[in-house]
Amino acid sequence: MHRFDPSLQKLVNDMFETMQVANGVGLAAPQIAQSIRVFVAAYEGQEVAVFNPEIVKAEGEERGTEGCLSIPGYVGENIRRATKILVKGQDVRGKHIRIPAEGWFARILQHEIDHLDGILFLDRLDRPEDLHEVTEEEAEEKATVKE
Ligand code: ZN
């Protein structure tokens, strides 16, 4: 995407709203049927909207549990993600930005960037038994994040 026009701010606002209504911590445009390379994420006071994101550095590996707004009723366990990443991209006006992230925030960003490439946490399960059906309440407890 090369053109950054004012309508993108509305898209970003809509995405934040959709994410918040669903109690999510991240949302990628393909999840609302928009084929634009952008995601939004909000976690512990950090709020970002990143266009054309790219992971330019990744360090370490950790396993964790993930839920997904596109896969309601399920969580995946032992999903491997880099511990520490650096994401390069553009903000809503097209300005180049760099976002360093660690731990959960890094996991959320990796999950969202996967969405832009059509990859779901299901594709990252090492073992089928790591997929669990959960109620809404259990999902909140177990995953702590829906992305
Ligand atoms: Zn997701």
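Residues: numbered from 1 along the sequence shown.
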(request) With side-chain contact (heavy atoms from CB on, under 4.5 Å) as the test, would you mind laying out the steps for L8 and F51 before giving the verdict? (result) CA-CA 10 Å; L8 292 178; F51 289 80; 3.9 Å; yes
Does a side-chain heavy-atom distance below 4.5 Å link [X] with [Y]?
| X | Y | result |
| --- | --- | --- |
| H115 | L120 | yes |
| V87 | V48 | no |
| E112 | Q31 | yes |
| D126 | E77 | no |

(request) Identify the residue among L109, V38, I113 that makes a side-chain contact (heavy atoms from CB on, under 4.5 Å) with P53. (result)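 One option only clears the test, and that one is I113.
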(message) Surrounding CD of E62 (heavy atoms of other residues, nucleotides or ligands, distance under 6.0 Å), is the total greater than 12?
(response)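 Yes.
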Look up atom [atom1] in [X] and atom [atom2] in [Y], then write down how far apart they are to the nearest 0.5 Å.
| X | Y | atom1 | atom2 | value |
| --- | --- | --- | --- | --- |
| D14 | L27 | CG | CG | 10.5 Å |
| D5 | R93 | CG | CZ | 13.0 Å |
| I55 | I85 | CD1 | CD1 | 4.5 Å |
| E54 | R37 | CD | CZ | 9.0 Å |

(request) Output yes when R63 and D130 qualify as a salt bridge under the 4.0 Å nitrogen-oxygen rule, no when they do not. (result)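 Not counted as a salt bridge, because no side-chain N and carboxylate O are separated by less than 4.0 Å.
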(request) Run the salt-bridge test on E66 and R81 with the 4.0 Å N-O cut-off and return the result as yes or no. (result) yes
Which heavy-atom pair separates [X] from [Y] by the least distance, and what is that distance?
| X | Y | answer |
| --- | --- | --- |
| G26 | I108 | CA-CG2, 4.4 Å |
| V12 | A49 | CG1-CB, 3.8 Å |
| G64 | R107 | N-NH2, 3.1 Å |

(message) Using modelled atom types and a 3.5 Å cut-off, is there a donor and acceptor pairing between side-chain atoms of R124 and backbone atoms of I119?
(response)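 No.
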(request) Spell out, as yes or no, whether a donor-acceptor pair under 3.5 Å connects the side chain of T83 to the backbone of E61. (result) yes
(request) Report the C-alpha separation of V92 and K10 in whole Å, then their side-chain angles, then the decisive distance to 0.1 Å, and conclude whether the side-chain contact (heavy atoms from CB on, under 4.5 Å) test is met. (result) CA-CA 10 Å; V92 70; K10 189 184 177 312; over 6 Å; no
(message) Ring-plane angle category for Y43 and F105, please: parallel below 30°, perpendicular beyond 60°, tilted otherwise.
(response) parallel
(request) Apply side-chain hydrogen bond (donor to acceptor under 3.5 Å, both in side chains) to N13 and Q9, showing your working. (result) CA-CA 6 Å; N13 294 348; Q9 185 62 59; 3.0 Å; yes
(request) Establish whether L86 and W104 are linked, either directly or via other cluster members, by ILVMFWY side-chain heavy-atom contacts under 4.5 Å. (result) no
(request) Report the C-alpha separation of F121 and L131 in whole Å, then their side-chain angles, then the decisive distance to 0.1 Å, and conclude whether the side-chain contact (heavy atoms from CB on, under 4.5 Å) test is met. (result) CA-CA 10 Å; F121 78 68; L131 183 66; 3.8 Å; yes
